S.K.: 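Questions regarding the structure given below will be posed in turn.
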Amino acid sequence: MNMDERLMVAQAEIDRKINTYKGKKVSELKKSLFISLEDNKASFVKLARKMLAITNNKIDLRDEGFDAVLKTVRLTGMEKPAEAMSFMPVNFQEWTDTKTWEESSLYKYFSRKVLVLFVFQQYTLGNRVDDNEITFLDAKVWKMPEYDLNHGLKEVWDETRYLVKEQRLVIKPIQRKNGSIINTNNLPSSNFNTLGHLRPGAKNGDDKVILPTGQSIVKQKFWFNIEYVKEILES
């Protein structure tokens with residue numbers, strides 16, 4: 001089977017596991033999955049794990065040869081993802097030291113991983129509601145296309161490497177109205193391209209890493225843009 005056919009088989013397998021849960025509110029899911037309605041810590045990730053009967057974010061799709069991982073998406077009433085999707089912390093030393101794109105950790109992750117996106121939706125009129133009233137819609141099995149892997153994703157990697165290696169990275173302190181200081185930078189933002197960007201993924205503003213240039217920066221993570229998550233769900 002080719003990749004598309006293997007993904008279809010994996011999708012059918014996931015569908016069989018979650019069919020009875022589709023269209024149910026979080027409150028209904030909690031009841032059917034034996035989670036207390038008052039358990040405010042019952043996150044979307046926890047509910048998705050319960051639906052699949054797994055204990056972490058790794059999903060067994062080995063029959064299709066896939067290394068699959070669980071991610072959750074919350075849609076607004078306008079069918080748009082409510083937030084960007086976070087992934088791995090950025091190891092700047094590894095990103096700059098790696099000789100080729102194919103040897104990079106970023107390439108290896110997205111060339112090998114299959115994502116299983118569990119989609120939850122707010123009230124259809126767009127009103128923000130209590131988490132217990134949010135509805136589980138569906139789950140989508142997805143693997144990054146080769147074009148996106150070698151263009152949009154690689155562009156983020158290339159630009160980050162260029163800024164660090166050529167000492168073009170600018171970290172600028174900005175004082176807020178309340179007197180606090182934040183540091184801005186010119187790493188690829190959500191406006192860089194349609195696929196992804198870097199942004200802080202630290203515990204707090206003091207959780208920093210030293211770059212190969214000697215600069216200090218708040219720890220960063222790689223994120224999918226909101227628009228790209230929407231594109232994935234519509235593909």
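Being a predicted model, the structure only gives us computed values, none of them experimental.
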S.K.: Output every pair passing ring-ring contact (aromatic ring centres under 6.0 Å, His included) with a member in residues 67-90, not counting sequence neighbours, ordered by first then second residue.
M.R.: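 Pairs touching residues 67-90 that pass the test: Phe87-Phe110, Phe87-Phe224.
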S.K.: Apply side-chain contact (heavy atoms from CB on, under 4.5 Å) to the pair Ser190 and Arg199, showing each step before the final yes or no.
M.R.: CA-CA 9 Å; Ser190 58; Arg199 77 179 207 226; over 6 Å; no
S.K.: Under a plain distance cut-off of 3.5 Å, with no hydrogens placed, do Thr98 and Glu94 share a side-chain donor-acceptor pair?
M.R.: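 The criterion, which ignores hydrogens and geometry beyond distance, is satisfied for Thr98 and Glu94.
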S.K.: Short question: side chain of Glu5, backbone of Asn2 - any donor-acceptor pair under 3.5 Å?
M.R.: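 Yes; at least one donor-acceptor contact below 3.5 Å.
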S.K.: Between atom CG of Leu115 and atom CE of Met144, what is the distance when rounded to the nearest 0.5 Å?
M.R.: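 So the gap between those two atoms works out to 8.0 Å.
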S.K.: From Lys58 NZ over to Leu52 CG, what is the distance, rounded to the nearest 0.5 angstrom?
M.R.: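 Interatomic distance, Lys58 NZ to Leu52 CG, rounded to 0.5 Å: 15.5 Å.
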S.K.: Do Asn57 and Val45 have side chains that get closer than 4.5 Å, going by heavy atoms?
M.R.: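 Asn57 vs Val45: side chains touch.
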S.K.: Look at the side chain of Ser189 and the backbone N and O of Asn191, then say whether any donor-acceptor pair between them is shorter than 3.5 Å.
M.R.: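 Such a contact is found between Ser189 side chain and Asn191 backbone.
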S.K.: Do Gln121 and Arg74 have side-chain atoms, one donor and one acceptor, less than 3.5 Å apart?
M.R.: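 Short answer, no.
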S.K.: Let me see the working for Lys108 and Ser105 under side-chain contact (heavy atoms from CB on, under 4.5 Å), right down to the final yes or no.
M.R.: CA-CA 5 Å; Lys108 289 177 180 178; Ser105 60; 5.7 Å; no
S.K.: Going through the checks in order, is the side-chain contact (heavy atoms from CB on, under 4.5 Å) test met by Lys140 and Ser235?
M.R.: CA-CA 10 Å; Lys140 182 178 180 65; Ser235 63; 3.4 Å; yes
S.K.: So, taking the atom named CZ in Phe222 and the one named CG in Asn91, what distance separates them when rounded to the nearest 0.5 Å?
M.R.: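 Here the interatomic distance stands at 15.5 Å.
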S.K.: For the backbone of Ile171 and the side chain of Asn185, can you confirm whether one donor and one acceptor N or O come within less than 3.5 Å of each other?
M.R.: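 Checked: no pair found.
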S.K.: Of all heavy-atom pairs between Leu149 and Ser111, which one has the smallest distance, and what is that distance?
M.R.: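 In terms of heavy atoms, the two residues are closest at CD2-CB, 3.8 Å.
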S.K.: Rounded to the nearest 0.5 Å, what separates atom CD1 in Ile232 from atom NZ in Lys143?
M.R.: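 Between Ile232 CD1 and Lys143 NZ, I get 12.5 Å after rounding to 0.5 Å.
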S.K.: Answer yes or no: is there a side-chain heavy-atom contact under 4.5 Å between Lys30 and Ser36?
M.R.: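 Side chain of Lys30 against side chain of Ser36, heavy atoms only: no contact under 4.5 Å found.
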S.K.: Mark yes or no for whether Asn225, through its side chain, and Asn193, through its backbone, hold a donor-acceptor pair below 3.5 Å.
M.R.: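 Judged by distance alone, yes, a pair lies under 3.5 Å.
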S.K.: Is it true that a side-chain atom of Glu133 and a backbone atom of Asp130 form a donor plus acceptor pair closer than 3.5 Å?
M.R.: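 Side chain of Glu133 to backbone of Asp130, a donor-acceptor pair under 3.5 Å: no, none is there.
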S.K.: Examine Phe120 together with Phe136 and report whether their ring centres are nearer than 6.0 Å.
M.R.: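 Yes, the ring of Phe120 comes within the 6.0 Å limit of the ring of Phe136, centre to centre.
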S.K.: Can you tell me if NZ on Lys80 sees more than 12 non-hydrogen neighbours from other groups inside 6.0 Å?
M.R.: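 It does not: Lys80 NZ has 12 such atoms or fewer within range.
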S.K.: In this structure, are over 12 heavy atoms from other groups packed under 6.0 Å from Met3 atom CE?
M.R.: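 Atom CE in Met3 is packed in, count exceeds 12.
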S.K.: Run the salt-bridge test on Glu103 and Lys99 with the 4.0 Å N-O cut-off and return the result as yes or no.
M.R.: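 Judged by the 4.0 Å cut-off on N to carboxylate O distance, Glu103 and Lys99 do not form a salt bridge.
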S.K.: Could you give all pairs that pass the side-chain hydrogen bond (donor to acceptor under 3.5 Å, both in side chains) test and reach residues 207-218, with sequence neighbours left out?
M.R.: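 For residues 207-218, and leaving out neighbouring residues, the side-chain hydrogen bond (donor to acceptor under 3.5 Å, both in side chains) pairs sorted by first residue read Asp207-Lys219, Thr213-Gln215.
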S.K.: Please determine whether a side-chain nitrogen of the Lys or Arg among Lys22 and Asp15 lies less than 4.0 Å from a carboxylate oxygen of the Asp or Glu.
M.R.: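 Salt bridge flag = yes for Asp15 with Lys22.
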S.K.: Using the test ring pair (Phe, Tyr, Trp, His ring centres under 6.0 Å), find all partners of Phe92 that sit at least two apart in sequence or belong to another chain.
M.R.: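 For Phe92 there are no ring pair (Phe, Tyr, Trp, His ring centres under 6.0 Å) partners, ignoring immediate neighbours.
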S.K.: Do Thr194 and Glu227 meet the criterion of a side-chain donor-acceptor pair at a distance under 3.5 Å?
M.R.: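 No, because no side-chain N or O of Thr194 sits under 3.5 Å from a partner of the opposite role on Glu227.
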S.K.: Kindly indicate, with the supporting measurements, whether the criterion side-chain contact (heavy atoms from CB on, under 4.5 Å) is fulfilled by Asn150 and Tyr107.
M.R.: CA-CA 8 Å; Asn150 292 309; Tyr107 175 87; 3.8 Å; yes
S.K.: Between Gln167 (side chain only) and Lys165 (backbone N and O only), is there a donor and an acceptor less than 3.5 Å apart?
M.R.: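 No.
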S.K.: Are Phe118 and Phe44 near enough that their ring centres are under 6.0 Å apart?
M.R.: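 Aromatic pair excluded; centres sit 6.0 Å or further apart.
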S.K.: Distance check, rounded to the nearest 0.5 Å: Thr72 atom OG1 versus Leu117 atom CG?
M.R.: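 These two atoms lie 8.5 Å from each other.
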S.K.: Measure the spacing between CD of Glu159 and CG of Asn186 and express it to the nearest 0.5 Å.
M.R.: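 Answer rounded to 0.5 Å: 7.5 Å.
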S.K.: Examine Arg161 relative to Trp95 and say whether NZ or CZ is less than 6.0 Å from the centre of the six-membered ring and inside a 45° cone about the ring axis.
M.R.: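 No; the conditions do not both hold, so Arg161 does not lie above the ring face of Trp95.
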